[in-house]
Amino acid sequence: MGEFVRVADVDALPEGTGMVVEAKGQELALFRVGEQVFAIDNECPHRDGPLGDGELAGEIVTCPFHSWEINVRTGEVLDNPSVRARTFACRVEDGAVYVEL
């Protein structure tokens with residue numbers, strides 16, 4: 001089990017959006033879907049596109065480089081479920097977002 005690290009204030013991440021954060025030298029993409037927050041590696045498994053800059057529709061983020069669609073909850077690439085972006089456990093406590101590294 002890893003260590004949970006504070007990465008953002010939940011108010012800085014409006015519902016239906018994403019943002020890029022850094023935690024212990026690792027770049028992550030955070031997404032807020034309803035009241036839940038999800039964290040995935042900020043590099044698309046296709047060509048390392050910045051997923052945190054992608055458009056979020058429900059639980060699906062579209063990579064801004066080549067339009068790969070990735071489920072932010074599972075990391076699964078929709079067109080190829082055998083390929084995944086790395087996911088990280090998240091929790092929200094007292095208005096702060098924590099990610100397990």
Side-chain angles (χ1 to χ4, degrees):
M1 190 164 176
E3 169 190 7
F4 276 88
V5 176
R6 182 182 176 148
V7 294
D9 291 329
V10 74
D11 290 340
L13 183 61
E15 195 273 323
T17 65
M19 70 185 292
V20 178
V21 297
E22 188 175 314
K24 295 197 171 199
Q26 189 161 357
E27 198 169 89
L28 306 173
L30 294 182
F31 299 95
R32 187 167 174 184
V33 179
E35 294 302 312
Q36 294 184 293
V37 177
F38 300 99
I40 62 176
D41 194 352
N42 192 42
E43 293 182 351
C44 178
H46 176 233
R47 296 276 180 140
D48 300 330
L51 294 175
D53 295 336
E55 185 174 323
L56 184 65
E59 293 183 355
I60 307 303
V61 63
T62 301
C63 178
F65 280 9
H66 301 105
S67 300
W68 276 40
E69 295 178 314
I70 299 166
N71 184 305
V72 299
R73 180 185 301 271
T74 65
E76 183 177 288
V77 174
L78 296 189
D79 288 339
N80 188 351
S82 66
V83 177
R84 295 180 180 270
R86 186 173 174 198
T87 60
F88 300 84
C90 281
R91 67 181 186 214
V92 177
E93 290 181 3
D94 299 322
V97 179
Y98 294 84
V99 175
E100 184 179 27
L101 300 177

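- Nearest approach of Asp41 to Leu51, heavy atoms of both residues: O-CD1, 3.5 Å.
- Scanning all heavy atoms of the two residues, the minimum distance from Gly49 to Cys63 falls at CA-SG, 3.8 Å.
- In this structure, Arg91 and Phe4 approach most closely via the heavy-atom pair NH1-CD1, 3.5 Å.
- For the salt bridge (Lys or Arg N to Asp or Glu O under 4.0 Å) test, no residue two or more places apart in sequence or in another chain qualifies with Arg86.
- Under a 4.0 Å N-O distance rule, the pair Lys24/Glu3 qualifies as a salt bridge.
- Val33 and Ile40 end up in the same hydrophobic cluster when Ile, Leu, Val, Met, Phe, Trp and Tyr side chains are linked at under 4.5 Å.
- Here the closest non-hydrogen pair linking Pro45 and Ala85 is CG-N, 4.1 Å.
- Considering only heavy atoms from C-beta on, Thr62 stays 4.5 Å or farther from Trp68 through its side chain.
- The local environment of CD in Glu100 is crowded, with over 12 non-hydrogen atoms from other residues, nucleotides or ligands closer than 6.0 Å.
- For the pair Phe65 and Asp48, the minimum side-chain heavy-atom distance is 4.5 Å or more.
- To the nearest 0.5 angstrom, Arg32 atom CZ is 12.0 Å from Cys90 atom SG.
- Alongside Val37, the hydrophobic cluster contains Val5, Val7, Val10, Leu13, Met19, Val21, Leu28, Leu30, Phe88, Val92, Val97, Val99, Leu101 (criterion: ILVMFWY side chains under 4.5 Å).
- Counting only heavy atoms from C-beta outward, the side chains of Val20 and Glu27 approach each other to under 4.5 Å.
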Considering only distance and modelled atom types, tabulate donor-acceptor pairs under 3.5 Å from the side chains of residues 72-81, sequence neighbours left out.
from	atom 1	to	atom 2	distance (Å)
Arg73	NE	Glu59	OE1	3.3
Arg73	NE	Glu59	OE2	2.8
Arg73	NH2	Gln36	OE1	3.1
Arg73	NH2	Glu59	OE2	2.6
Thr74	OG1	Glu76	N	3.1
Glu76	OE1	Arg84	NH2	3.3
Asn80	OD1	Ser82	N	3.4
Asn80	OD1	Ser82	OG	2.7

